[in-house]
Asker: 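Dropping a structure here in structure tokens format, bear with me for questions.
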Amino acid sequence: MADEARPIYADNAATTALSEYALSKMLPYFREQYGNPSAIHVFGLEAKNALERARRTVAEAIGARVNEIYFTSGGTEADNWALFAACQARKKRGRHIVTTQIEHSAVYRAALELEKQGFEVTFLPPDRDGMITPEQVEAAVRPDTILVSVMLANNEVGTVLPIPEIAAAAKKHGALFHTDAVQAVGHVPVDVGALGVDMLSLSAHKFHGPKGAGALYASLRIAPPPMIFGGGQERGRRSGTGNVAGAVGMAAALEESVSRLEEDTAHLLKLRSRLIEGLTNYPGVTLTGHPEKRLPGIASFLVWGAAGEPLVRALSDLGVCVSSGSACSAGSGEPSRVLAAMRYELGGKAGEKAAPIRISLSRYNTLEEMDRIIALFPKAVETARQKTALLNLD
Ligand code: PLP
């Protein structure tokens with residue numbers, strides 16, 4: 001039975017609950033084994049061993065070699081590092097970058113910054129489903145293209161992109177290929193060899209690991225130049241005292257997610273179908289993102305006649321915690337760049353408004369919760385539509 005008093009957490013693309021298993025593995029590194037992994041006494045060695053074991057686990061989970069994993073503070077740092085490092089290393093070869101209009105800001109804004117620094121960036125437009133094709137990439141790359149960065153799965157609509165084919169197209173002229181796999185790792189099978197990528201970003205808090213821990217995979221063929229200078233940790237490429245508990249928690253959460261991937265996927269697909277069927281039965285609700293090629297846990301919709309923030313608030317007042325697009329843009333009141341790129345009109349004052357809603361699930365959600373969301377939805381939409389109409393009165 002669903003607990004009526006407890007709010008439903010359905011914003012797992014923003015962040016997930018730390019798993020009990022990951023927490024139990026982390027605790028000793030806060031309590032007894034708090035050494036600095038760079039120290040050469042026993043406390044330091046214990047910490048260093050834990051960090052290296054975590055590196056091996058992360059590497060094995062994505063089919064990488066152990067010295068191809070660099071720990072970072074999360075997905076944003078890994079994305080920024082991949083873009084700036086590739087441009088730094090390759091700027092003598094060319095100054096052209098290809099990416100997409102649907103990237104997370106961690107890639108998108110880094111690309112805009114590189115544009116300011118004199119690089120030329122092509123931002124590929126998605127189709128209506130949020131899809132980017134290998135043909136688009138192939139048409140965009142040129143002899144002076146030094147980097148192509150295309151995300152593996154989109155964080156707002158959940159569309160999963162054909163990265164093996166895109167990576168192959170990207171490499172036609174020898175460009176490096178990076179993928180932001182922050183929403184994908186721990187949720188769909190990810191193997192760097194099968195994907196054919198040179199660099200890949202991941203973040204622990206998206207798969208039931210701790211916040212503030214992530215990694216950049218960089219193939220041995222490339223040595224990413226450092227962006228953070230200091231004590232020379234991470235083989236001289238990313239200085240700063242290692243986040244031992246974070247890395248241990250990330251490794252444990254990833255190991256757990258990979259080991260139960262099939263079971264969790266089956267569960268999520270059941271919940272997602274129930275939700276999509278239930279919500280799209282209501283008038284004025286449409287599914288966004290690719291109908292099949294999407295992450296098992298993300299259902300995203302447009303709700304016509306309402307604005308995003310009033311709808312998220314109305315749902316929250318009824319105990320349903322979801323988000324309007326990505327967590328980062330949701331608070332800003334800005335219309336979603338990603339949905340605009342997918343050619344959805346989210347409405348100005350004169351036009352009808354449409355509220356983007358992202359409902360993102362985890363292994364901890366239940367079918368009962370889906371039924372509760374479906375049952376509460378009309379009331380929230382009605383409230384949001386009234387509030388939106390009032391906002392439009394002036
Ligand atoms: N890339 C994608 C696709 C994301 O969804 C996120 C997080 O929202 C990030 C990057 C940033 O990751 P982090 O929160 O670990 O900095």
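The structure displayed is predicted, hence computed values, not measured ones. Counting starts at 1 for both ligands and their atoms, following the listed order.
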Asker: List every atom of ligand 1 that sits less than 4.0 Å from any heavy atom of Thr76, numbering the atoms from 1 in the order shown and giving each element.
Answerer: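 Going through ligand 1 atom by atom, the ones under 4.0 Å from Thr76 are 11 (C), 12 (O), 13 (P), 16 (O).
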Asker: Among Glu156, His104, Gln183, Glu103, whose heavy atom sits nearest atom 6 (C) of ligand 1?
Answerer: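 It is His104 that holds the nearest heavy atom.
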Asker: Using modelled atom types only, decide if a donor and an acceptor are shared between the side chain of Thr99 and the backbone of Ser149 within a distance under 3.5 Å.
Answerer: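 Answer holds: yes.
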Asker: Can you tell which of Val303, Val381, Ile374 makes a side chain to side chain contact (heavy atoms under 4.5 Å, CB included) with Leu279?
Answerer: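 Filter result, single survivor: Ile374.
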Asker: Are Asp11 and Arg358 ion-paired here, with the side-chain N under 4.0 Å from a carboxylate O?
Answerer: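 A salt bridge links Asp11 with Arg358.
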Asker: For ligand 1, is there an atom lying under 4.0 Å from some heavy atom of His205?
Answerer: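 True for this residue.
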Asker: Answer with side chain, backbone, both or neither: which part of Lys211 has a heavy atom less than 4.0 angstrom from an atom of ligand 1?
Answerer: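 The answer is neither; Lys211 stays 4.0 Å or more away.
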Asker: Sequence neighbours left out, cut at 3.5 Å: what donor-acceptor pairs do the side chains of residues 32-44 make with other protein atoms?
Answerer:
unit_1 : atom_1 : unit_2 : atom_2 : d
Asn36  : OD1    : Ser38  : N      : 2.9
His41  : ND1    : Phe43  : N      : 3.4
His41  : ND1    : Gly44  : N      : 3.3

Asker: Any idea which atoms of ligand 1 are less than 4.0 Å away from a heavy-atom of Asp79?
Answerer: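 Numbered from 1, ligand 1 contributes 1 (N), 10 (C).
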Asker: Counting each atom of ligand 1 from 1 as listed, which ones have a heavy atom of Gly74 under 4.0 Å away?
Answerer: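 Answer for ligand 1: 15 (O).
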Asker: Going by atom types alone, do Glu256 and Ser259 pair a side-chain donor with an acceptor below 3.5 Å?
Answerer: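 Checked: Glu256/Ser259 side chains show no N/O donor-acceptor pair below 3.5 Å.
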Asker: Is it possible for you to check whether Arg128 lies under 6.0 Å from the centre of the six-membered ring of Tyr344, through NZ or CZ, and within 45° of that ring's axis?
Answerer: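 Judged by the rule, Arg128 and Tyr344 form a cation-pi pair.
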Asker: Pull out every atom of ligand 1 sitting under 4.0 Å from any heavy atom of Met151, numbered as shown with elements.
Answerer: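 Heavy-atom distances to Met151 below 4.0 Å select 3 (C).
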Asker: Which atoms from ligand 1 have a heavy atom of Ser203 less than 4.0 Å away?
Answerer: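 Per the distance check, 13 (P), 15 (O).
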Asker: Considering only NZ, NE, NH1 and NH2 on the basic side and carboxylate oxygens on the acidic side, decide whether Arg6 and Glu369 come within less than 4.0 Å.
Answerer: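 Glu369 and Arg6: not salt-bridged.
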Asker: When you compare ligand 1 with Glu77, is there at least one nitrogen or oxygen pair between them that comes in under 3.5 angstrom?
Answerer: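 No: no nitrogen or oxygen of Glu77 is under 3.5 Å from one in ligand 1.
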